[in-house]
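Quick caveat, the model's predicted, so the values are computed rather than measured.
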Amino acid sequence: MELNLKNRPFNLNHTLNCGQAFRWDKIDNWWYGVVKENIIKIKQIDNKLIFFTYPKENNTKLVKNYFRLNDDLNYIVRQINKDKYINEAIRKFYGLRIIRQEPWECLISYICATNTNIPIIRNMIFNLSKKFGEKIKFGNHKFYTFPKACILAKAGLDILKKCGIGYRAEYISKASKMTNNNEIQFNRLSKINYQAVKKELLQIPGVGPKVADCICLFSLDKLDAFPVDIWVTRSILELYHKYFDSLFTKKISGKKYKSLTLAEYNKINSFGKKYFGKYAGYAQEYLFYYKRMYNSFIRS
DNA sequence: ACATCCCCTTAGCC
DNA sequence: AGGCTAAGGGGAT
């Protein structure tokens, strides 16, 4: 199946490499991912996307929706392009789009994403899927769907821990039970505003402000959410310190990789939202990817 | 009501 | 070889 992007800016590699989604692999120049109960095999050639979906074939709707191809990216980028720093990130990673993930999978993924790094997060989610998901064979490759809430809700802590998730096992177990009990209703959450969604997400064990913001941004259409992780903190301290008092920046930079307090998180978070506006989430992702890439570059 | 300190798995890196 | 780092959160004080 072919999808002509026409003049819609999109860069598949940036979108899948930037660290927002953990379930994609590049094999022989094709990206493979599991989205809902489907496998997507996809590559980009100039302004064309070439893809296969399985088991439901030619599922253009799934691809368009997942990659948010209907977002007016040129307009969004114009809204967040406030200074030379973000401008450089936008130019460097032009075409990066926020992905619309499944809320349930996104919740568990970002509970896994605390106090660890992207390769380990990918492992945790793969292990959970392999042990508790359903196997799908596609070509010469095997894939696993993300496990349903009712399955994880029944799983014992000892079995969960064999997936390498450590202390997160209890959070995942409780979050699964809440989802399975209908205490968390994602289709309702996608319809209420950012503040209200975040407040509800914070009731889930293992979900603090950072994880809640990630779920809002990557799965619940809250493009104004501005997650603040270590990389965003660094880029704010380096590039935007003039918007904070020197006492604050000094305190944060002296923390040496210890986590932010709630007050500190909220201060950076509300700066991001105010400064970049209603598409602050897009700005966050460009800054995050830019800072992470640049730091790994100067280390190697 | 707030802030501070400490613990929590895992793996790659130096 | 042991400490540090990584898309942080929770609980005790």
Side-chain angles (χ1 to χ4, degrees), chain A residues 14-24 89 93 96 98-99 101 105-128 157-175 178 198-199 201-220 222 225-237 247-248 251-269 272 280-300:
Chain A
H14 293 332
T15 300
L16 293 178
N17 274 327
C18 73
Q20 57 179 325
F22 307 103
R23 297 260 280 158
W24 287 87
F93 303 121
L96 188 163
I98 298 290
I99 281 173
Q101 303 185 31
E105 177 174 343
C106 192
L107 164 66
I108 301 302
S109 299
Y110 280 91
I111 288 178
C112 289
T114 66
N115 201 21
T116 189
N117 55 42
I118 291 173
I120 296 181
I121 301 165
R122 292 172 57 89
N123 267 333
M124 292 189 251
I125 296 167
F126 175 79
N127 293 340
L128 284 170
L157 290 181
D158 46 344
I159 306 175
L160 284 172
K161 281 185 181 169
K162 286 188 179 140
C163 297
I165 58 181
Y167 63 91
R168 304 166 189 84
E170 297 178 27
Y171 302 147
I172 289 173
S173 180
K174 285 179 186 168
M178 289 174 76
K198 188 171 177 181
K199 192 175 173 186
L201 290 174
L202 288 173
Q203 307 305 311
I204 304 168
V207 178
K210 157 65 169 59
V211 172
D213 278 329
C214 286
I215 301 166
C216 284
L217 176 59
F218 298 129
S219 73
L220 293 172
K222 310 309 177 201
F226 190 81
V228 180
D229 77 313
I230 184 79
W231 301 110
V232 173
T233 302
R234 283 173 188 159
S235 65
I236 295 289
L237 284 181
L247 205 73
F248 179 77
K251 193 174 167 196
I252 302 293
S253 47
K255 286 182 86 83
K256 271 273 179 191
Y257 312 114
K258 272 185 272 183
S259 46
L260 301 172
T261 66
L262 179 61
E264 290 161 349
Y265 183 95
N266 285 338
K267 199 162 174 173
I268 299 176
N269 174 261
Y282 261 94
Q284 182 272 357
E285 201 56 24
Y286 279 96
L287 286 177
F288 168 80
Y289 192 33
Y290 187 78
K291 187 66 187 162
R292 198 167 64 89
M293 291 298 280
Y294 179 69
N295 272 45
S296 57
F297 172 71
I298 59 174
R299 276 182 201 174
S300 54

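Rounding to whole angstrom units, CG of residue A:Leu262 and P of B:dC2 are separated by 9 Å. Residue A:Leu157 contributes atom CG, which lies 11 Å from atom P of B:dT9 at whole-angstrom precision. Look at CD on A:Glu170: it is 8 Å from P on B:dT9, rounded to the nearest Å. One can place CD1 of A:Ile121 at 13 Å from C1' of B:dA11, the figure rounded to the nearest angstrom. Atom pair A:Leu107:CG and C:dG9:P shows a separation of 12 Å (rounding to whole Å applied). Separating the NZ atom of A:Lys210 from the C1' atom of C:dA6 is a distance of 11 Å, rounded to the nearest angstrom. When the P atom of C:dA6 is taken as reference, atom CG of A:Asp229 falls 9 Å away, rounded to whole Å. Nucleotide B:dT4 holds its P atom 12 Å from the CG atom of A:Leu260, rounded to whole Å.
Judged by distance alone, with hydrogens and angles left aside, the side-chain atoms of A:Glu285 form no donor-acceptor pair with the main-chain N or O of A:Tyr282 at under 3.5 Å. A distance-only check finds a donor-acceptor pair linking the side chain of A:Arg168 to the backbone of A:Thr114 [under 3.5 Å]. A donor-acceptor pair under 3.5 Å is formed between the side chain of A:Ser235 and the backbone N or O of A:Val232.
At a threshold of 4.0 Å, the pair A:Asp229-A:Lys210 does not count as salt-bridged, since none of the basic side-chain nitrogens sits closer than that to a carboxylate oxygen.
If you find the closest nucleotide of DNA chain C to A:Lys174 and to A:Phe288, the one lying nearer the 5' end belongs to A:Phe288.
When the P atom is compared between C:dC4 and B:dC8, the two are found 16 Å apart, to the nearest whole Å. Rounded to whole Å, the separation between the P atoms of B:dA11 and C:dG10 comes to 24 Å.
Aromatic rings from A:Tyr286 and A:Phe93 are positioned such that their centres are separated by 6.0 Å or more. Ring centroids of A:Phe22 and A:Phe126 are separated by 6.0 Å or more, keeping the two rings apart.
Using a 4.0 Å cut-off, some side-chain N or O of A:Arg234 falls inside it from OP1 or OP2 of C:dA6. The side chain of A:Lys251 places an N or O atom within less than 4.0 Å of a non-bridging phosphate oxygen (OP1 or OP2) of B:dT4.
Counting only Watson-Crick and G-U wobble pairs whose two distances sit under 3.5 Å, DNA chain C takes part in these stems of three or more pairs: B:3-8 with C:8-13, B:10-14 with C:2-6.
One can find a donor-acceptor pair under 3.5 Å joining the base of B:dT9 and the side-chain atoms of A:Asn115. In the interface, the side chain of A:Gln284 is paired with the base of C:dA7 through a donor and an acceptor atom under 3.5 Å apart. Under 3.5 Å, the side chain of A:Tyr171 and the base of C:dG8 form no donor-acceptor pair of N or O atoms.
Within 4.0 Å of A:Ala263, counting heavy atoms only, lie sugar-phosphate atoms of the nucleic acid but no base atom.
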